[in-house]
Engineer: 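Before anything else, here's the structure in question.
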Amino acid sequence: MKLLPIWEERVKDVAQEPAVNRISYGLKKSPRYYAMRTNFIETVDDGQAMLDFALQRPLSHIGFDTEFGYDRPGIVIDGRNTSHDPRSIRPLLLSLVMAEPPDEGEGCLYSFVVDLRKPELLPAMNELFRLTLPFVGHFAKVELFCLWRLGIGEPLLLWDTFIFEKLLHLGRHHHKYRVRNTADEYEQIRAKEESNENKVYGFSLVATCQRYGVAYRMEAEKERLRQSFLTHPAAARFSQEQIDYAAEDAIAAGRLYPLQVQKAVQHGLLRHCETVEMDWVITNARIEWTGVRVDERKRDEAIARISVHLERVEKHLAAEYGIRNTQSHKQLAEFFQGCGLLHKFLQGGKVSFDKKVLKKNAGLHPAIALLRSARRASDLLADRLLTPEFVGAGGRVRAEHRQLGTDTGRQTSRWPNFLGLDRVLRPLVIPEDGFGIGEVDWSQVEVGVAAAMYGDDELVRMFNSGDVYSAMAQHFFREQLPEEDRTIAGKEFKAKHKVLRNQMKSCTLGIIYGITPVGLAQTLGTTRAKAAALQNRFMAMFPRLQGALVLASQCGAIRGYACTISGLKRYRARDGEATRWEKNWLTNHPVQGSAAVAFKAAGNRLDKLYRQHDARIIIPLHDAFIFEAPLNALGTVADITSRVMCDTLQEYFPALRPQVEVNITRPDCWNKDGDGEELERWIATLNELMYGHETGSKEA
DNA sequence: GAAGAGAGCGCC
DNA sequence: AAAGGGCGCTCTCTTC
């Protein structure tokens, strides 16, 4: 780097403050100069000087924040929420706070605000973000969007103060902790308000600063100033107040960082943050930034065909049976009362018209099949993936992917909810031209994780054998199985003894989720006594697991949290005896949470390894990665994905021999097992329902 | 009219 | 007395 000439001004500063200036040979302005003000950067010279400063000072970390508007209006979700295409973000200001560790006593913060509307400043910014020191932001996802919009690469090391707060309080605000009916009215109202406040403001920058005793000077003006950027005229100058406000957020993030790291150490969370969660902020942001392409023609056709069907079914139900609204519990109750069938819909003392009950009673009345079909049709039509407004830049839909959206550490997604997208609608997701879509799933990952987390060698052995449920069934039912079936391969057994294998599957998931004999009896359609006996015999296969589960819930209840393999914790919000629900999640979290941790770790690697192949993750599906890659690289990318997923899980759990299932056989759309015709086939069944086998246009 | 509870669908 | 972990989302019905 070229050193800049020493200026008179700097010499003067040095003379005034010799103690601060140890090594500022090349600097245009002295550290003291920068330390005394918010430095607004508008020119190339100033930008370069700032970069030189950052390169030459022994900084510990950099706090950063952006102010921005949007090129396009967002989609109004409800009264409180608007969804913006991240690609429409319009960066305005970048604030940076460079933190210098203390020589003795207190450290020093140097504050800069950069006008991002000036393209000539961007090369220096690009350089700056290549610095190998932590960049600290609060909800850094939007900062990353601003950088990417400007063609600036993300920082190599990132710390998100918002994500850390989420981690630190994981589980504490679960809705089931809201006050029960027994509490008096005042208590209820107070708890409700508190819970709402926590949800909305709990992890905001201001609230976070308050918790850490960090001064935040512009709290009263924050909302007004934040808004001011959304409507800021393109070329207008920024007011000093706007600049100060931008600086304040970066300063706050910069101040929070060392305090949060200290807290992380106290809670045993530091490793988790540094090895998984903070990198996932970048991976996750890129997934959101990428989005998925939707086949708009196929979508519109699907909407039309499903709507036609729904209208016909509804008309029929209204005309023949007087059911005007299939979604009204009240109307259904009246109707079935009239038929004298209402007692058939009793479930545990309550009348229920859910899918299971309707299916059970399908033969009782011709209206029931129509009801089911209408339900399904209106559910599909209501999916937000079908909303044309969500299609943003490049013909892609970008959902919000919420990191730590669940209290176990999993992700959630919304607007639209990709993670919960009905199988039938998945084929509407298609790749960019010249690309293909692939999917790699971990096989039975939670069973393996449960085995390893709870140290049960027998369950580990069965997991490692290939098909864990087949292995269980072969052992469990060994006396009733013909000799040759006791040792055949898992895949073969699966096909031959589906019922036996399914029993094992239900029992296994039952362990993971804490099912009772009553629940098991319901799923298996057997008596309570038989289910209880089955469960007992099943658990007897895994004594180690049984003991470890009891220990996990008891110790967890006492210390107040459950913990994953990486140290990620889910906390209780009360003391004392754990409820059934708490006992269940105390044993489940180490499993679901650890799987989520390994999944993110794998995703972080893929995010980097994909780059050489121009591939990208499009949907992180809890235990499967859906990716998009150039058609000629699809196989390679699938191999990388498989390898990384297996390796990562094995690194967390060295005893496991993980397996994956690869699906790249129909790369023209997202599908299950290379199918791709899910939607068409479902629509065909509609026609069958209404008109027998004559599918098509004949009017009813 | 807004907000919340409850039921019910879908996903892992 | 209930009886399976984690979610998003829509719809109905009630309440304020």
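By convention in this document, chain letters (A, B, ...) are assigned in the order of the sequence lines, proteins followed by strands, and residues within each chain are numbered from 1. Model, not experiment: these values are computed from the prediction.
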Engineer: Students often mix this up, so state it plainly: with edges at 30° and 60°, are the rings of Phe418(A) and His401(A) parallel, tilted or perpendicular?
Structural biologist: tilted
Engineer: Counting side-chain heavy atoms from CB outward, which of dG8(C), dC9(C), dC11(C) is closest to Arg402(A)?
Structural biologist: dG8(C)
Engineer: Applying side-chain hydrogen bond (donor to acceptor under 3.5 Å, both in side chains), can you list everything that pairs with Glu301(A), at least two apart in sequence or on another chain?
Structural biologist: Arg297(A)
Engineer: With Ile511(A) as reference, evaluate Leu549(A), Val447(A), Thr587(A), Leu459(A) under the side chain to side chain contact (heavy atoms under 4.5 Å, CB included) test and give the passing residue.
Structural biologist: Leu549(A)
Engineer: Please answer whether dG5(C) and Tyr513(A) are stacked, defined here as ring centres separated by less than 5.5 Å and planes angled under 30°.
Structural biologist: yes
Engineer: Between Tyr469(A) and Arg501(A), is there a cation-pi geometry (under 6.0 Å to ring centre, at most 45° from the normal)?
Structural biologist: no
Engineer: Between Phe476(A) and Arg537(A), is there a cation-pi geometry (under 6.0 Å to ring centre, at most 45° from the normal)?
Structural biologist: yes
Engineer: Is there a donor and acceptor pair, one atom on the side chain of Gln592(A) and one on the base of dG5(C), closer than 3.5 Å?
Structural biologist: yes
Engineer: Please set out all donor-acceptor pairs under 3.5 angstrom arising from side-chain atoms of residues 527-535 of chain A, sequence neighbours excluded.
Structural biologist:
residue	atom	partner	partner atom	Å
Thr527(A)	OG1	Lys530(A)	N	3.1
Gln535(A)	NE2	Ile515(A)	O	3.2

Engineer: For Cys646(A), what residues pass the side chain to side chain contact (heavy atoms under 4.5 Å, CB included) criterion, not counting sequence neighbours?
Structural biologist: Pro658(A), Val660(A)
Engineer: Can you check whether Arg376(A) has a side-chain N or O nearer than 4.0 Å to OP1 or OP2 of dG10(B)?
Structural biologist: yes
Engineer: Below the 4.0 Å mark, does dC12(B) have OP1 or OP2 next to a side-chain nitrogen or oxygen of Arg426(A)?
Structural biologist: yes
Engineer: Any residue in residues 409-422 of chain A with a heavy atom nearer than 4.0 angstrom to DNA chain B? Just list them by number, or reply none.
Structural biologist: Arg410(A), Leu419(A), Gly420(A), Leu421(A), Asp422(A)
Engineer: Could you tell me whether the phosphate oxygens of dG4(C), OP1 or OP2, come under 4.0 Å of any side-chain nitrogen or oxygen in Arg580(A)?
Structural biologist: no
Engineer: Please tabulate the protein-to-nucleotide N/O contacts below 3.5 Å involving nucleotides 13-16 of chain C, giving atom names and distances.
Structural biologist:
residue	atom	partner	partner atom	Å
dC13(C)	OP1	Ser328(A)	OG	2.7

Engineer: If you look only at pairs with a residue in residues 544-554 of chain A, which of them pass as a side chain to side chain donor-acceptor pair (under 3.5 Å), with sequence neighbours excluded?
Structural biologist: none
Engineer: Which residue, Glu582(A), Arg574(A), Arg572(A), Arg172(A), forms the side-chain hydrogen bond (donor to acceptor under 3.5 Å, both in side chains) with Tyr177(A)?
Structural biologist: Glu582(A)
Engineer: In whole Å, what separates the P atom of dA3(C) from that of dG8(B)?
Structural biologist: 14 Å
Engineer: Of the residues in residues 616-626 of chain A, which ones touch DNA chain B at a heavy-atom distance under 4.0 Å?
Structural biologist: Leu621(A), His622(A), Asp623(A)
Engineer: Is the shortest side-chain N/O distance from Lys355(A) to OP1 or OP2 of dA7(B) below 4.0 Å?
Structural biologist: no
Engineer: Please enumerate all residues that pass side-chain hydrogen bond (donor to acceptor under 3.5 Å, both in side chains) together with Asn584(A), with sequence neighbours excluded.
Structural biologist: none
Engineer: Arg299(A): which residues meet the salt bridge (charged side-chain N to carboxylate O under 4.0 Å, His left out) condition with it, sequence neighbours left out?
Structural biologist: Glu296(A)
Engineer: Mind telling me whether Trp581(A) and His174(A) have parallel, tilted or perpendicular rings, with 30° and 60° as the class edges?
Structural biologist: tilted
Engineer: Can a side chain N or O of Arg423(A) be found less than 4.0 Å away from OP1 or OP2 on dG10(B)?
Structural biologist: no
Engineer: To the nearest 10°, let me know how far the axis at one end of the helix from dG1(B)-dC16(C) to dC12(B)-dG5(C) is tilted from the axis at the other, five pairs an end.
Structural biologist: 0°
Engineer: Taking only N and O in the side chain of Arg375(A), is any of them less than 4.0 Å away from OP1 or OP2 of dT10(C)?
Structural biologist: no
Engineer: Just jot down the side chain to side chain contact (heavy atoms under 4.5 Å, CB included) partners of Arg375(A), sequence neighbours excluded, or say none.
Structural biologist: Leu332(A), Phe353(A), Leu358(A)
Engineer: Below 4.0 angstrom, which residues in residues 516-524 of chain A have at least one non-hydrogen atom near DNA chain C?
Structural biologist: Thr516(A), Val518(A), Gly519(A), Thr523(A)
Engineer: Kindly state whether the ring of Phe542(A) and the ring of Tyr454(A) have centres lying under 6.0 angstrom apart.
Structural biologist: no
